[in-house]
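One structure below.
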Protein chains: 2
Amino acid sequence: MPKRVDPTERRTLIADALMRVAAQRGLEAVSLRHVAAEAGATTGLVQHYFGTKDEMMLFALDVVSGHIGERMSSAVNALGPEPAPRDLLRAMATQLLPLDEARRADGRVGLAFFAYAATRPDVAEVQRRGSVGLRDFFATLMPLPAATTLLALVEGLALYMLTDTYPAQTALAVLDEFLDSVFSPAAGRP
Amino acid sequence: MPKRVDPTERRTLIADALMRVAAQRGLEAVSLRHVAAEAGATTGLVQHYFGTKDEMMLFALDVVSGHIGERMSSAVNALGPEPAPRDLLRAMATQLLPLDEARRADGRVGLAFFAYAATRPDVAEVQRRGSVGLRDFFATLMPLPAATTLLALVEGLALYMLTDTYPAQTALAVLDEFLDSVFSPAAGRP
DNA sequence: CGTTTTACATTACAGTCGTGATGCGAAAAT
DNA sequence: ATTTTCGCATCACGACTGTAATGTAAAACG
């Protein structure tokens, strides 16, 4: 048999191609053939590593959450030890905003998956778990209602940034204003 | 020739069928044949009123914004004359949340269109105009930054409600808390 | 009344889709 | 050295897509 191969590596290779296709041409353009072509391979390879298209999609969704997770931890690590809760939350929340091309691509894929999940209960379940987990972590640093608000607010800002409705500057200002209202309430009062 | 027909009426009939399909099976299931079947007609009819599929989609997007607009004005009218800004904003904002099946259906379609717009600049432009118009109206009743925040927050809440991540009760509590923070700032301070 | 125009149905076409089957060379296992 | 098994390519299938072409019945118009 041919050289033994790490299947996870191949799967990530395919999933990366999928995400390039999805980010550039939308999730509806994600077909076995397009993904295979983008990966420089054949549909046979894709089929070999993912029995069905849905399996491939699920795996790609995991990759996206993986990206977000990685960005969050490295942003948090960059803060040094014992960061203030406000800084920590800001660092994590901004990882959900499409502030550069990489995050923008992931954001487009994530949005596409949101729509995709509307008809796939199992996909929706994966997303739900991710969101709730994140909110619960936020809630260790601020009151639960504020954590809920923060997550929804950031997600909404990301949505509007993706459609170029709000520029990054506006989104960041909104985010900072909200964090202010939580961490230094009514600072400008007599 | 056959009985003269109001083309707008026919187009809305088709668009309604489109939205039923999209709400139930996702926007990816929206094909000329499925829409035609849902409308109890043939693809020929659809082709007669929409030269191309994209035209049909654009029209359907208009219908969705029309629905939202109608809901908003009737909710506002129900408030009676000279409503308080806070009540007005709350009445309008809640029309963007999927609080019943009708709004949920529109929400799913709207979300699908968000993803659809990611690859269609003209669709994105339509959405942008709607969002900015709404935000600017909000801004006549509250400071501009708060208006921006409100819209993003509501959109994010809607997203999470659509995936059943947050229940209606939570979303409404978050919304009310935010409105409180704008209209009765720091009420609980010494 | 005849003609033209409108509303829609039917069918055809070329392309893409997901999936299953099959083939085949290379390397690991024996 | 031979057999087995893995990695991947290739091809075929039926279903589905958007669009164009064509047909047809009916009512408006001259």
Side-chain angles (χ1 to χ4, degrees), chain A residues 1-22 24-61 109 112-113 115-117 119-120 122-123, chain B residues 1-22 24-61 109 112-113 115-117 119-120 122-123:
Chain A
M1 56 181 125
K3 199 165 42 181
R4 210 101 209 305
V5 152
D6 178 20
T8 313
E9 178 203 301
R10 292 277 194 243
R11 273 192 267 262
T12 359
L13 190 107
I14 296 171
D16 285 346
L18 186 161
M19 279 169 36
R20 264 174 276 142
V21 173
Q24 288 166 21
R25 298 195 275 160
L27 200 62
E28 68 190 32
V30 170
S31 69
L32 296 190
R33 290 167 235 263
H34 283 161
V35 171
E38 175 73 33
T42 64
T43 78
L45 187 147
V46 179
Q47 269 196 112
H48 185 71
Y49 288 102
F50 299 104
T52 170
K53 184 186 177 181
D54 276 338
E55 276 181 44
M56 180 177 73
M57 303 296 268
L58 262 300
F59 186 84
L61 181 55
V109 176
F113 269 110
Y116 189 74
T119 45
R120 262 65 158 217
D122 47 345
V123 176
Chain B
M1 57 181 125
K3 199 166 40 180
R4 208 101 210 307
V5 154
D6 178 19
T8 311
E9 177 203 303
R10 291 278 195 249
R11 274 191 266 262
T12 351
L13 190 106
I14 296 171
D16 285 347
L18 187 160
M19 280 169 36
R20 264 174 276 142
V21 173
Q24 289 167 20
R25 298 195 273 158
L27 201 61
E28 68 190 32
V30 170
S31 70
L32 296 189
R33 290 168 234 264
H34 283 160
V35 171
E38 176 72 34
T42 64
T43 78
L45 187 147
V46 178
Q47 271 195 114
H48 185 71
Y49 287 102
F50 299 104
T52 170
K53 184 187 177 180
D54 276 338
E55 276 182 44
M56 181 177 72
M57 303 296 267
L58 260 301
F59 186 84
L61 181 54
V109 176
F113 268 110
Y116 189 74
T119 45
R120 262 64 159 217
D122 47 344
V123 176

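First the proteins, then the strands, lettered A, B, ... as listed; each starts at 1.
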Euclidean distance, atom [atom1] of residue [X] to atom [atom2] of [N] [Å, nearest integer]:
X	N	atom1	atom2	answer
B:Arg10	C:dT6	CZ	P	16 Å
A:Arg11	D:dG7	CZ	P	10 Å
B:Leu27	D:dT17	CG	C1'	15 Å
B:Leu45	D:dA25	CG	C1'	15 Å
B:Leu18	D:dG18	CG	P	11 Å
A:Glu28	C:dT16	CD	P	15 Å

Can you give me every donor-acceptor pair (side chain of residues 50-59 of chain A, partner residue at least two apart or in another chain, under 3.5 Å) with its distance?
residue, atom, partner, partner atom, Å
A:Lys53, NZ, A:Val30, O, 3.0
A:Asp54, OD1, A:Tyr116, OH, 2.7
A:Glu55, OE1, A:Gly51, N, 3.4

Could you tell me which non-hydrogen atom of [X] sits nearest to which non-hydrogen atom of [Y], and how far apart they are?
X	Y	answer
A:Gly26	B:Thr119	N-CG2, 3.3 Å
A:Val21	A:Ala29	CG1-O, 3.7 Å
B:Ala112	A:Ala115	CA-CB, 4.2 Å
B:Leu27	B:Ala22	CD1-CB, 3.8 Å

_Taking only side-chain N and O atoms of A:Ser31, does any of them lie within less than 4.0 angstrom of OP1 or OP2 on C:dT16?_
no
_Does D:dC8 have its OP1 or OP2 closer than 4.0 Å to a side-chain nitrogen or oxygen of A:His48?_
no
Name every donor-acceptor pair, under 3.5 Å, that has one atom in a side chain of residues 7-15 of chain A and the other anywhere in the protein, sequence neighbours excluded.
residue, atom, partner, partner atom, Å
A:Arg11, NH1, A:Tyr49, O, 3.1
A:Thr12, OG1, A:Thr8, O, 2.3
A:Thr12, OG1, A:Glu9, O, 3.2

*What nucleic acid atoms does A:Tyr49 come within less than 4.0 Å of, heavy atoms only: base, sugar-phosphate, or nothing?*
sugar-phosphate
*Any pair counted as salt bridge (charged side-chain N to carboxylate O under 4.0 Å, His left out), so long as it reaches residues 33-50 of chain A, sequence neighbours left out*: A:Arg20-A:Glu38
_Between CE on residue A:Met19 and CG on residue A:Leu61, distance to nearest 0.5 Å_ = 10.0 Å
*Check each residue of residues 32-44 of chain A for a non-hydrogen atom within less than 4.0 Å of any atom in DNA chain D, then write out the ones that pass by number, or none.*
A:Thr42, A:Thr43, A:Gly44
*asked:* Can you pull out the residues from residues 51-59 of chain B that lie within a 4.0 Å heavy-atom distance of DNA chain D?
replied: B:Thr52, B:Lys53
*asked:* Let's see if you can work this out: which of C:dG20, D:dC8, C:dC8 has an atom nearest to the side-chain heavy atoms of A:Gln47?
replied: C:dG20
